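First comes the structure, then the notes that go with it.
Chain identifiers are assigned alphabetically (A, B, ...) following the order of the sequence lines, protein sequences preceding nucleic acid strands; residue numbering begins at 1 within each chain. Fair warning: this is a prediction, and the values are worked out from it, not measured in the lab.
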Protein chains: 2
Amino acid sequence: MQLSELSERSGVSVASVKYYLREGLLQPGAAVSARRSEYDEDHLRRLRLVRALLTVGGMSVAQARDVLAAAQDPAFDRHSRLGVAQYLLPPRVTTPPAGTPEAAAWQERRAEVLALLRDELGWRIHDGAPALDALTEALLTLNSLGYATTEGTLRDYANALHPIAEAELDVIDEHPAIDEAIEAVVAYTVLYEPVLLSLRRLAHEDVSARRRR
Amino acid sequence: MQLSELSERSGVSVASVKYYLREGLLQPGAAVSARRSEYDEDHLRRLRLVRALLTVGGMSVAQARDVLAAAQDPAFDRHSRLGVAQYLLPPRVTTPPAGTPEAAAWQERRAEVLALLRDELGWRIHDGAPALDALTEALLTLNSLGYATTEGTLRDYANALHPIAEAELDVIDEHPAIDEAIEAVVAYTVLYEPVLLSLRRLAHEDVSARRRR
DNA sequence: GAGTCATGGATAGTGCGACTATCCATCCAT
DNA sequence: ATGGATGGATAGTCGCACTATCCATGACTC
């Protein structure tokens, strides 16, 4: 198929497809001549994934490029790829510069959280996990606004989420085509986030409705 | 305190504070004279909340304004405010225009999800809940990429999330100052999202590490 | 084999959101 | 009385995600 057909079938304008090609979000088509290339179903799939990451996943073009590149890197095995996706995925957080007084509080809080997850819950997580930074950031922000975040709450969250994560990896592990379609990992990681958040809000609504009587 | 001090204590530039004032994210200070106003601790709190919504919460200035305005509206009681926050909060989703073939599939899927939550799980949720739209959108996107989303998965997610929602409302209900600091609801709803997502990613890492052996 | 037309590639332009900078006519504190 | 900050208005900047225009070429149509 040619560019115009790729554009039509995906619902993305020709100009935008060109833009994604330029930015490296899409593999170039097979050059059939200097001024003509052939695209296949894989390009279409990839294009759809890109759109999903940008819209549903809320990622920037640059983030999407990095993640897709890393997820495709054959140097990573199946499980590392999940890690890679996670390590590159937003939210990226700006840690305070070393030396400042905030940095100390930051490190302290981070260590507390890590200790809770590792020692108390027995989670095997890497020290440099960016999700840990994001978590620290969120907790400190909450605190700075005057809302306490107790250890108990955090533990409850963690315990509630763990079986979900387990189930998700089950699905990924069972996925037959996952070695060819590596993007599946990215898709699952990013695109299930809105599912989770939506359900949480709906649960809020339910609980609120019940209590109201 | 004056503008410069408000700026200093919040770490937000004077120009930005002026911008937020213009955009209605911040209440104007008490005009002590034509060219001088007085700001208090409430302004500082609010400014910090605004920054948190924009950075940690990833909201746009317009969204933050709408949410804060609604959350402050005295026409809403305690529980409605949670609803208000939820109904205004991102992600906002673009439903397909009526009449198109996608719209039919969209409605069908939405009805399925609603039935699952309402009839099977007994959740009391409103038909027009925007989170339901976001959920439908996410599921359809996943499907269009070739990833099946089974009813069972959804049910598992829902069941895992419900106790979390319950616990969150507990905290909010116990909050003594919540009637004065209505923003607490917004803060909890928005700022706990990154906590949830970060923990999910960390749980992924743990599960992945265990399975790797 | 001429004409038409989409293509790949390059480059420039657009629209928007979130600031940021400049001005100016006052005040207020010193 | 006066220099520096202030509120208010207006204009400018910057980054991002496109979008539009051009161009030389090559492929398909007749």
| request: Please answer whether the main-chain N or O of B/Arg124 pairs with a side-chain N or O of A/Glu205 as donor and acceptor at a distance below 3.5 Å. | output: no

| task | Give A/Gln2 one of three labels, base, sugar-phosphate or nothing, depending on what nucleic acid heavy atoms sit under 4.0 Å from its own. | result | sugar-phosphate

| field | Distance in angstrom units between A/Arg22 CZ and C/dA12 C1', rounded | value | 11 Å

| To the nearest angstrom, how far is B/Asp66 atom CG from C/dG17 atom P? | 13 Å

| task | Without swapping roles, check the side chain of B/Glu38 against the backbone of B/Met1 for a donor-acceptor pair under 3.5 Å. | result | yes

Between the protein and nucleotides 25-30 of chain C, which nitrogen or oxygen pairs come in under 3.5 angstrom?
from, atom 1, to, atom 2, distance (Å)
C/dC28, OP1, B/Ser33, OG, 3.0

| said: Please determine whether the number of non-hydrogen atoms from other residues, nucleotides or ligands lying under 6.0 Å from atom CD of A/Gln27 exceeds 12. | reply: yes

| field | Covered region of DNA chain D, 5' end to 3' end, by chain A [heavy atoms, under 4.0 Å] | value | D/dA17 to D/dA27

| query | If you take all heavy atoms of A/Val14 and A/Ser7, which pair is closest and at what distance? | reply | N-OG, 3.4 Å

| In terms of ring plane angle, is the pair B/Tyr192 and B/Tyr188 parallel, tilted or perpendicular, where the classes change at 30° and 60°? | parallel

| remark: The residue, A/Ser13 or B/Lys18, whose nearest nucleotide of DNA chain D is more 5′ is B/Lys18

| query | For B/Ser60 and C/dG17, is the shortest distance between a side-chain N/O and OP1 or OP2 below 4.0 Å? | reply | no

| request: Calculate the interatomic distance between A/Tyr19 atom OH and C/dT14 atom P; express it in whole Å. | output: 17 Å

| said: At 4.0 Å (heavy atoms only), tell me whether A/Arg51 reaches a base, stays on the sugar-phosphate, or touches nothing. | reply: sugar-phosphate

| message | When you compare the side chains of A/Tyr20 and A/Arg46, does any donor N or O come within less than 3.5 Å of an acceptor on the partner? | response | no

| task | Send over the distance from A/Leu3 CG to C/dA6 C1', rounded to a whole Å. | result | 9 Å

| request: Carefully, step by step, assess B/Ser13 and B/Ser16 under the rule side-chain hydrogen bond (donor to acceptor under 3.5 Å, both in side chains). | output: CA-CA 5 Å; B/Ser13 75; B/Ser16 294; 3.0 Å; yes

| message | Heavy-atom nearest nucleotide on DNA chain C for B/Leu54 versus A/Glu38: which residue maps closer to 5'? | response | A/Glu38

| request: Would you name the heavy atoms of A/Arg22 and A/Ala15 that are closest together and state the gap between them? | output: NH2-O, 4.3 Å

| task | Determine whether the side chains of A/Thr153 and A/Thr150 contain a donor N or O and an acceptor N or O closer than 3.5 Å. | result | yes

| request: Calculate the interatomic distance between B/Leu26 atom CG and C/dC19 atom P; express it in whole Å. | output: 13 Å

